[in-house]
Amino acid sequence: MAYNEKECLFCRIVRGEIPATVLYRNDHVLAFRDITPVAPAHVLIIPLKHISSLSTLAPEDEAVAGQILLAAGKVAEIVGIRESGYRLVFNSGTDAMQSVFHIHAHLIGGKQMGWPPFPGTPASHG
Ligand code: AMP
């Protein structure tokens, strides 16, 4: 697994070296359809800047973090789920099964979802 900008899969999508179905782009973020959708609408929103994960988000990334959230509403509008509702998920690290180490928000919707995500599992605060 490569974590540097040259090899990073999502950096390569940003540079247009790997094709993606791009739905939205501005000076800060890019949104494209997930290649393995888990819901009728599944879009990834990534910063153009390489940031590995939520865990490595730095104070100077405050603006770009906000741009991801702002883009979510725009993308939800573009894919037609702004009114029906959607979920924004950031997987960070091993337990969350992060597989691409360029921070991304999964925007998921287009169907009724459940909550909590692990029904029947007792909560534990370690
Ligand atoms: P995560 O497990 O949170 O790191 O999510 C990574 C996501 O990237 C997964 O949902 C993959 O399906 C998606 N993905 C991997 N490669 C591509 C690609 N070339 N284009 C679009 N989505 C991709």
Side-chain angles (χ1 to χ4, degrees):
M1 178 78 67
Y3 301 112
N4 60 72
E5 284 180 46
K6 187 165 181 289
E7 302 298 332
C8 168
L9 173 64
F10 287 175
C11 285
R12 297 190 69 194
I13 288 176
V14 167
R15 294 195 297 265
E17 296 169 7
I18 293 176
T21 305
V22 173
L23 299 178
Y24 178 76
R25 183 177 186 134
N26 66 20
D27 290 344
H28 310 281
V29 301
L30 178 71
F32 54 95
R33 291 201 189 275
D34 195 293
I35 204 167
T36 312
V38 299
H42 186 173
V43 181
L44 301 176
I45 305 169
I46 71 171
L48 302 186
K49 174 187 174 184
H50 181 86
I51 302 168
S52 299
S53 74
L54 273 185
S55 310
T56 58
L57 202 60
E60 62 264 28
D61 299 323
E62 181 181 357
V64 80
Q67 288 289 337
I68 293 171
L69 298 182
L70 288 171
K74 290 190 168 67
V75 173
E77 178 80 42
I78 289 167
V79 298
I81 58 172
R82 191 173 68 82
E83 295 294 334
S84 54
Y86 53 93
R87 189 169 289 170
L88 208 58
V89 175
F90 289 84
N91 293 327
S92 183
T94 308
D95 277 0
M97 297 196 71
Q98 182 179 3
S99 62
V100 177
F101 286 81
H102 180 130
I103 194 170
H104 50 282
H106 295 256
L107 187 140
I108 295 164
K111 64 179 286 191
Q112 179 66 58
M113 288 173 263
W115 191 264
F118 312 114
T121 305
S124 168
H125 298 280

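Read the numbers this way: they start at 1 and go in the same order the structure lists the ligands and their atoms.
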For Phe10, the ligand 1 atoms whose distance to one of its heavy atoms is below 4.0 Å: 8 (O)

Heavy-atom contacts with His106 under 4.0 Å: which atoms of ligand 1 show up? List them by number with element. 1 (P), 3 (O), 5 (O), 7 (C), 10 (O)

Is a side-chain donor or acceptor of Arg25 paired with a backbone partner of Val14 at a separation under 3.5 angstrom? yes

Pull out every atom of ligand 1 sitting under 4.0 Å from any heavy atom of Ser99, numbered as shown with elements. 1 (P), 2 (O), 4 (O), 5 (O), 6 (C)

Using a strict 4.0 Å cut-off to heavy atoms of Val100, name the atoms of ligand 1 that fall inside it. 4 (O), 6 (C)

Got an N/O contact under 3.5 Å between Ile35 and ligand 1? yes

Has ligand 1 got any nitrogen or oxygen that is less than 3.5 angstrom from a nitrogen or oxygen of His104? yes

Could you tell me which atoms of ligand 1, counted from 1 in the order shown, lie closer than 4.0 angstrom to a heavy atom of Arg33? 21 (C)

Under 3.5 Å between any N/O of Met97 and any N/O of ligand 1: does that happen in this structure? yes

So which heavy atom on Gly109 is nearest to which on Ile81, and how close? CA-CD1, 3.9 Å

Tell me, yes or no, whether the heavy-atom count around Arg33 atom CZ, taken from other residues, nucleotides or ligands under 6.0 Å, exceeds 12. no

Considering only the protein, which heavy-atom contact is closest to atom 11 (C) of ligand 1, and what is its distance? Asp34 OD1, 3.4 Å

Restricting to non-hydrogen atoms, name the atom on Lys49 and the atom on His102 that form the minimum distance, rounded to 0.1 Å. O-NE2, 3.4 Å

Can you confirm whether Glu17 is buried at CD, in the sense that more than 12 heavy atoms of other residues, nucleotides or ligands lie under 6.0 Å from that atom? yes

Heavy atom under 4.0 Å from ligand 1: found in Leu44's side chain, backbone, both, or neither? side chain

Are there more than 12 heavy atoms of other residues, nucleotides or ligands under 6.0 Å from atom CD of Glu60? yes

With His42, which of Val79, Leu107, Ile108 fulfils side-chain contact (heavy atoms from CB on, under 4.5 Å)? Ile108

Report yes or no: does Gln98 contribute a side-chain atom to a donor-acceptor pair with the main-chain N or O of Ser52 at less than 3.5 Å? yes

Any idea which heavy atoms bring Ser84 and Gly80 closest together, and the distance? OG-O, 4.3 Å

Applying a strict 4.0 Å limit to heavy atoms, is Phe32 in contact with ligand 1? yes

Can you tell me the protein heavy atom closest to atom 16 (N) of ligand 1 and the distance? Leu9 CD2, 3.3 Å

Provide the number and element of each atom of ligand 1 under 4.0 Å from a heavy atom of Thr36. 12 (O)

